2 protein chains.
Amino acid sequence: MTEIEKTLESKTVRPTAMRILIYKYMADKEIAVALTDIENAFAKADRTTLYRTLKTFEEKGIVHQIDDGTNISKYALCEPGCNCELEQDLHLHFHCGNCEETVCLTEQKIPHINLPDGYIAEDANLVIKGICEKCSG
Amino acid sequence: MTEIEKTLESKTVRPTAMRILIYKYMADKEIAVALTDIENAFAKADRTTLYRTLKTFEEKGIVHQIDDGTNISKYALCEPGCNCELEQDLHLHFHCGNCEETVCLTEQKIPHINLPDGYIAEDANLVIKGICEKCSG
DNA sequence: ATAAAAAATGCACTTCCGTTGCACTAATAT
DNA sequence: ATATTAGTGCAACGGAAGTGCATTTTTTAT
Ligand SMILES: [Mn+2]
Ligand SMILES: [Mn+2]
Ligand SMILES: [Zn+2]
Ligand SMILES: [Zn+2]
């Protein structure tokens with residue numbers, strides 16, 4: 001049993017062929033991927049399957065969904081041991097206006113914000129737009 | 001000439017009847033509005049006109065577009081003298097999971113973030129999700 | 001005032017992404 | 001071996017954003 005299969009099973013996701021391929025695809029990429037990206041990478045698979053795979057991965061805490069402001073949902077593998085729901089694990093995301101790529105900056109946590117009275121924070125999303133390290137070189 | 005007409009003209013936007021109505025509608029609301037909201041409020045007007053009015057307002061710095069993570073673009077009037085493009089004027093937005101409303105927290109500026117080497121920030125979007133002051137009461 | 005030009009509006013249609021229903025197939029449990 | 005559950009594929013739908021073009025309204029020039 002491979003490392004990936006073990007990872008999936010540890011999150012109670014059955015390691016089907018398709019799921020292993022998608023996991024591998026995402027692990028090899030250092031950037032967040034859209035459904036369309038996966039669709040293009042696996043042309044013979046049906047979009048619905050890929051879509052539902054991402055949903056399953058998300059529900060089981062294998063990936064987290066990223067809203068980078070492009071109105072296209074992106075996904076990235078969670079770090080080992082990450083708890084995306086918890087405030088302490090909320091990292092920011094960077095979207096490059098040049099290459100259009102979105103990356104997790106997992107080291108950069110979202111700072112705690114003091115809200116006006118009555119407001120209760122449950123989640124936060126911080127996206128920085130600009131030029132990425134690859135494009136600014 | 002009314003106050004609103006003067007405001008529009010000062011931003012080089014011709015104060016047509018429709019535009020004045022939309023401006024007034026947004027000024028009366030304390031929350032960010034979607035195109036659909038305006039569409040419902042002015043049922044006899046065509047969606048395209050409303051759509052293009054918002055675009056014009058945005059280009060001329062009368063409103064700013066808000067991406068609150070719902071994948072529905074919201075718009076809110078800019079504060080007098082605000083320069084949304086500048087980092088110093090970037091405020092955060094709050095989206096309530098209960099009433100589904102989005103508000104500008106214009107007092108809460110987005111804190112400056114130190115990015116890894118090579119990353120150049122040009123814009124930022126910070127959305128806090130939770131329960132708003134009206135719903136938490 | 002009249003005509004020409006420019007701007008705004010309305011209608012129809014398209015595109016894109018996300019999502020769902022249902023049938024079919026593969027895997028698992030009894 | 002059979003029943004049950006989980007995964008996949010196909011087809012269609014839906015909402016929201018966006019565009020091309022005809023028509024109307026407003027502005028400008030004559
Ligand atoms: Mn991330
Ligand atoms: Mn705002
Ligand atoms: Zn880049
Ligand atoms: Zn609320």
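Atom set for the values below is all heavy atoms of this structure, side chains included, hydrogens, waters and symmetry mates excluded. All of these numbers come straight from a predicted model, not from anything done at the bench. Quick note on labels: first sequence line is chain A, next is B, and so on, each numbered from 1.
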Which residues in residues 49-66 of chain B have a heavy atom closer than 4.0 Å to any atom of DNA chain D? B:Tyr51, B:Arg52, B:Lys55
Under 4.0 Å from a heavy atom of chain A: give me the 5'-most and 3'-most nucleotides of DNA chain C that qualify. C:dC17 to C:dT28
Under the 3.5 Å Watson-Crick or G-U criterion, the dot-bracket string of DNA chain D, with | for inter-strand pairs: ||||||||||||||||||||||||||||||
Roughly how far, to the nearest 0.5 Å, is CD1 of B:Ile72 from CD of B:Glu100? 8.5 Å
If I take atom CD1 in residue B:Ile72 and atom P in nucleotide D:dA16, what distance separates them, rounded to the nearest angstrom? 5 Å
Any residue in residues 14-31 of chain B with a heavy atom nearer than 4.0 angstrom to DNA chain C? Just list them by number, or reply none. B:Arg14, B:Thr16, B:Met18, B:Arg19
Enter the distance from B:Phe94:CZ to A:Ile113:CD1 here, rounded to the nearest 0.5 Å. 12.0 Å
With sequence neighbours left out, the residues meeting side chain to side chain donor-acceptor pair (under 3.5 Å) with B:Thr36 are none
Tell me if a side-chain donor or acceptor on A:Arg47 pairs with a main-chain N or O of A:Glu39 at a distance below 3.5 Å. no
Would A:Cys104 and A:His64 count as a side-chain contact (heavy atoms from CB on, under 4.5 Å) here? Give the steps. CA-CA 10 Å; A:Cys104 296; A:His64 60 280; 3.5 Å; yes
Enumerate donor-acceptor pairs with a distance under 3.5 Å from any side-chain N or O in residues 48-62 of chain B to protein atoms, sequence neighbours excluded.
{"from": "B:Thr48", "atom 1": "OG1", "to": "B:Asp46", "atom 2": "OD2", "distance (Å)": "2.9"}
{"from": "B:Thr53", "atom 1": "OG1", "to": "B:Thr49", "atom 2": "O", "distance (Å)": "2.7"}
{"from": "B:Thr56", "atom 1": "OG1", "to": "B:Arg52", "atom 2": "O", "distance (Å)": "2.8"}
{"from": "B:Lys60", "atom 1": "NZ", "to": "B:Thr12", "atom 2": "O", "distance (Å)": "3.1"}
{"from": "B:Lys60", "atom 1": "NZ", "to": "B:Thr12", "atom 2": "OG1", "distance (Å)": "3.3"}

Examine distances only and state if a side-chain atom of A:Asp28 and a backbone atom of A:Tyr25 form a donor-acceptor pair shorter than 3.5 Å. no
Output the rounded distance in Å from CG (B:Asp37) to C1' (D:dA17). 15 Å
On a heavy-atom basis, the closest approach of A:Ile131 and A:Ser136 is CG2-N, 3.6 Å
Distance in Å, A:Leu92 CG paired with A:Gln108 CD, rounded so as to fall on 0.5 Å steps: 5.5 Å
Measuring from atom CD1 of B:Ile22 to atom CG of B:Leu77, what distance do you get when rounded to the nearest 0.5 angstrom? 11.0 Å
Smallest heavy-atom separation, B:Ala124 atom then A:Ile128 atom, equals CB-CD1, 3.8 Å
As an exercise, state the distance from NZ of A:Lys74 to CG of A:Asp37, rounded to the nearest 0.5 Å. 7.5 Å
Check the distance between D:dT8's P and A:Lys44's NZ and give it to me in whole angstrom. 15 Å
Heavy-atom check, side chain of B:Leu90 versus side chain of B:Asp123, under 4.5 Å: yes
Of the nucleotides D:dC10, D:dA12, D:dA17, which has the atom closest to the A:Arg47 side chain? D:dA12
